[in-house]
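Taking it in order: structure first as structure tokens, then the write-up.
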2 protein chains.
Amino acid sequence: MSDNTSLLDIRKMRILQAIVDDYIMTAAPVGSRTVSKRSDMGLSPATIRNEMSDLTELGFLEQPHTSAGRIPSEKAYRLYVNHIMDQAKLTDDEADYIKRHLDTRVHEVGEVIRQTAKVISDMTNYTSMVLVPQLSSMKVKRISLIPVSEGSAMAVVVTNTGVTKNSMISIPESLSPDDIEKISKLITEKLDGHRLTDAIESVLPAIRAEIGEQADAVCEMLEDIERSMSETDVEVVGASNILDYPEYSDAQKARSFLTEVETGNYLQQVLKDSSDVEMSVRIGTDNDNPDLKDCSVITVTYKAGGKNIGSMGVVGPTRMDYGKVMAVLKYLSNSLSDILSKLLK
Amino acid sequence: MSDNTSLLDIRKMRILQAIVDDYIMTAAPVGSRTVSKRSDMGLSPATIRNEMSDLTELGFLEQPHTSAGRIPSEKAYRLYVNHIMDQAKLTDDEADYIKRHLDTRVHEVGEVIRQTAKVISDMTNYTSMVLVPQLSSMKVKRISLIPVSEGSAMAVVVTNTGVTKNSMISIPESLSPDDIEKISKLITEKLDGHRLTDAIESVLPAIRAEIGEQADAVCEMLEDIERSMSETDVEVVGASNILDYPEYSDAQKARSFLTEVETGNYLQQVLKDSSDVEMSVRIGTDNDNPDLKDCSVITVTYKAGGKNIGSMGVVGPTRMDYGKVMAVLKYLSNSLSDILSKLLK
DNA sequence: TGTTAGCACTCAAGGGTGGCGAGTGCTAAC
DNA sequence: GTTAGCACTCGCCACCCTTGAGTGCTAACA
């Protein structure tokens, strides 16, 4: 991958940068004259043409048809992101915008997540997505069971970091509300400090010892809780932004993008898969999802208390303003981590 | 409104019906020949033309340009929905589809709501929305406060119908977890059988009498709970379906529709406003929202235990298959009411 | 040897033209 | 009251031509 660098001399790199930069702005094939006109280039169109011809041969550029300009290939975007691109910094205005819109007084995790997704989407004008903090890696502080009706209860799990999640579970009819309260206390006591995923193996024996008769029922409940807690939620904002980009002016293309985003399965998987790499960039067919073959997905992680607890990202056309998006995501990763670290203290 | 009926003789009505039916199917202006060819009409194009000319004068039809056919006006859709349209019944296949896809074994309200929204959208191919059951009209059975971290707790409200809702609230630092548990028991006891909205006026004095010192803090908490509980959630599915209709092939139009649906404020308001009329139909500019001026919104209510507890509906182009949508919604209103009545018993 | 000017060539996009067909309104006859 | 006939309108489409942006190649130049 990084061998690519040695394949290209500095001039080719600069020309490729010019082409990618221009194409990201305009979505129109870039011609030699356009590149040559860039003040800092100092080469005639003819020379540029020769270089562009080489770049095409090397697989970095493509030609929609003979007499059109060139457009960058996926390979070009990868090189661009890894070696060429200017690392953008946010302007003061942009940093300001984030500060004003991430309200640190909000005291609910879900609300902060939604705000963050909104800010990402507003600043980049692409589709943003934020995974809500994952419980699986955290330690349980408390599990409350609240009787709701015959045969059902709400389970609320609170972790040591203060992240909460709740879900309805079914309970055996044989358990009275009092029993439930007792069990609720008991499992909180036993699970305190353990991961939920370890619950069944490590803690159940102890529970079984104390409540012989109902043990099976409790075991089932715990499994139920564990199952529902491992379900992930993801907040998606700005899906319709895609319609601002001419490559999606075709209703059919837009439709398949939006359907994919609406169901969200693939993107959720990407966020989960990337939740341990600080920043990941998937360009075009890196996404093994045909509906997103002309899209790029960039993700970053966020932390609380120094530990990764979730990830967030952006989906947009392959012709994406990588510099800007990466800068925004990096900045917001820090902001969100700060806020959550305080919030979940 | 129903005066319109007397303005039109039966033949005009039948012609108008033919035109609306055809336009709903094809989205193309309907000409006199097309109407005449309908087997049951038995009139020549020329006669139809005369009638169409009258209908245009009366404001039921519009002409995009001289030599095009006619398209129905909003006024025509209103007449069509109220007096002309054949009341469609679902086919056996469709009823079957619903039975198979509304899994009655699911025991969580939220999940049932999501399924319902999905089914509506799949069957109609428009955008569906379902308001989750509203607590405001129900009586409280239990309020649990679960300490999460210093200064914050999760409040879980359970109503007598078994609907639950939870939210984070902030609590005074001075309250210990034990205090919270005590208060949780106390307010459950006092509020049992009351509406949450009455809580503060009717119940607080009693609470105040029992816990003098912390009463203000508790009062604030209750207000906080009440506020967050009155927030409504709405499940929206199938927004991208709009791209299947040629009137939204223009990216700009599609964009404004999708943005409006994505933020959801207006539609949420409509659902809330219509939560006491069995079925409501808003056609075009009935929606005082410029982004939806070419859309129609149809809503129905659903019940549990004989009482309206929420509403759901469909948004789509004004050229909407009203008969089908109304049939689907009516059927699903019953199904959902049945399921919820059992679920929330 | 690298750079550049010149030139012939390609091809998409845009504008103009004309025919086609769906539709209308009017009139006159049944 | 209904209908056939007819002249007229106008959007759509296919066709053609022009334009212009862009290319590749070649030959000359530093």
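So you know, we letter chains A, B, ... as the sequences are listed, proteins then strands, and number each from 1. Note that these values count all heavy atoms, side chains included, but never hydrogens, waters or copies made by symmetry.
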Quick one: list whatever passes ring pair (Phe, Tyr, Trp, His ring centres under 6.0 Å) with B:Y266, sequence neighbours left out. none
Give the rounded distance in Å between these two atoms: CD of B:E62 and P of C:dG23. 18 Å
Tell me, which pairs form a salt bridge (charged side-chain N to carboxylate O under 4.0 Å, His left out) where one or both residues lie in residues 235-254 of chain B, sequence neighbours left out? A:R255-B:D244, B:E247-B:R319, B:K253-B:D294
Show me the protein contacts with nucleotides 24-29 of chain D, counting only N or O atoms at under 3.5 Å.
from   : atom 1 : to    : atom 2 : distance (Å)
D:dG24 : OP1    : A:R70 : NH2    : 2.9
D:dG24 : N7     : A:R49 : NE     : 3.1
D:dG24 : O6     : A:R49 : NH2    : 3.1

Apply side-chain hydrogen bond (donor to acceptor under 3.5 Å, both in side chains) to A:S256 and list each qualifying residue two or more places apart in sequence or on a separate chain. none
Using side-chain hydrogen bond (donor to acceptor under 3.5 Å, both in side chains) as the criterion, list what pairs up with B:Q63, not counting sequence neighbours. none
List the steps, then state whether side-chain contact (heavy atoms from CB on, under 4.5 Å) holds for B:D291 with B:T259. CA-CA 9 Å; B:D291 287 336; B:T259 314; over 6 Å; no
Residues in side-chain hydrogen bond (donor to acceptor under 3.5 Å, both in side chains) with A:Y80, at least two apart? A:D21
Residues passing the side-chain hydrogen bond (donor to acceptor under 3.5 Å, both in side chains) test with B:Q252, sequence neighbours excluded, are none
Can you list everything that forms a ring pair (Phe, Tyr, Trp, His ring centres under 6.0 Å) with B:Y23? Sequence neighbours excluded, please. none
Nucleotide N/O to protein N/O under 3.5 Å, stretch nucleotides 14-17 of chain D:
none

Provide the full list of salt bridge (charged side-chain N to carboxylate O under 4.0 Å, His left out) pairs with a residue in residues 277-286 of chain B, sequence neighbours left out, each pair given once. B:R78-B:D286
Axis-to-axis angle across the helix from C:dT1-D:dA30 to C:dC30-D:dG1, five pairs each end, nearest 10 degrees, ~ 20°
In short, salt bridge (charged side-chain N to carboxylate O under 4.0 Å, His left out) pairs touching residues 322-331 of chain B with sequence neighbours left out are B:E94-B:K324
